[in-house]
Amino acid sequence: MRIADLIGGVVVLILGVAVIYFSSQLEYYSEFGPGPGFLPLWIGIIITAGAIYVIINLLTKHSRTREFFKPRTKLGLQILITIIITFLVLPLLGFSIGLALFIGVTMRMMGKHRWVPCGLTAIVTAIGIRLIFISWLTIPLPRGLIGW
């Protein structure tokens, strides 16, 4: 378990540093307020700080167990696979529907909710994304074959 946590901490640390690096190439502040690099930069800093905390915490612990995976590792891998599938189908389904399906499926997997609340949440998510980003903020999102 300790080795798996350490590997996970290092991977997340690399992710955080990559987010910081790529977001620093975007404009931090624009004419109207925070620019496109503002939020990703701070998210990268928070991810990196969290990973450093986990790594330091692991290295200072003295208890060692022989387990490689924690009991909920299977669920974590399922969520990771769901994220990968979501990114692969986004060009086909569009951002609103793709993210809505991701929300519904992960809600079902993590919370063991029934399909009806998961489906209703997915529908509300798709409509909410459409209204907020496309109609209200006028941010173009990938539409996919369906047009949503």
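Because the structure is a prediction, the values reported are computed rather than measured. Only heavy atoms go into these numbers, but all of them, side chains included; no hydrogens, no water, no symmetry mates.
In this structure, CG in Asp5 is found 11.0 Å from CG in Leu59, a value given to the nearest 0.5 Å. Between the CD1 atom of Ile139 and the CD1 atom of Ile132 there is a distance of 10.5 Å, given to the nearest 0.5 Å.
Criterion: ILVMFWY side-chain heavy atoms under 4.5 Å apart, direct or through other members. Under it, Leu41 and Phe38 are part of a common hydrophobic cluster. Both Phe133 and Phe102 are assigned to one and the same hydrophobic cluster, defined by single-linkage of ILVMFWY side chains at heavy-atom distances under 4.5 Å. Hydrophobic clustering of Ile, Leu, Val, Met, Phe, Trp and Tyr side chains at less than 4.5 Å, counting indirect connections, unites Leu141 with Leu99. In terms of hydrophobic clustering, with Ile, Leu, Val, Met, Phe, Trp and Tyr side chains grouped at heavy-atom distances under 4.5 Å, Val105 and Phe95 are assigned to a common cluster.
Within the structure, every pair that satisfies the side chain to side chain donor-acceptor pair (under 3.5 Å) test and touches residues 15-26, not counting sequence neighbours, is listed here: Tyr21-Gln25.
Across all non-hydrogen atoms, the minimal contact from Ser30 to Pro34 is OG-O, 3.9 Å. Considering all non-hydrogen atoms of both residues, Val17 and Thr48 come closest at N-OG1, 3.5 Å.
Members clustered with Leu15: Val19, by chain and number, using a 4.5 Å side-chain heavy-atom cutoff among hydrophobic residues.
Under the side chain to side chain contact (heavy atoms under 4.5 Å, CB included) criterion, Leu39 pairs with Ile43, sequence neighbours left out.
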Only pairs under 3.5 Å count here: list side-chain donor-acceptor contacts from residues 108-129, not counting sequence neighbours, and write none if there are none.
from	atom 1	to	atom 2	distance (Å)
Arg108	NH1	His113	O	2.5
Thr121	OG1	Pro117	O	2.7
Thr125	OG1	Thr121	O	2.7

Atom pairs and distances, donor-acceptor, side-chain atoms in residues 75-92, under 3.5 Å, two or more places apart:
from	atom 1	to	atom 2	distance (Å)
Thr82	OG1	Gln78	O	2.7
Thr86	OG1	Thr82	O	2.7

Enumerate donor-acceptor pairs with a distance under 3.5 Å from any side-chain N or O in residues 50-58 to protein atoms, sequence neighbours excluded.
none

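Judged by distance alone, the side chain of Thr106 and the main-chain N or O of Ile103 form a donor-acceptor pair under 3.5 Å.
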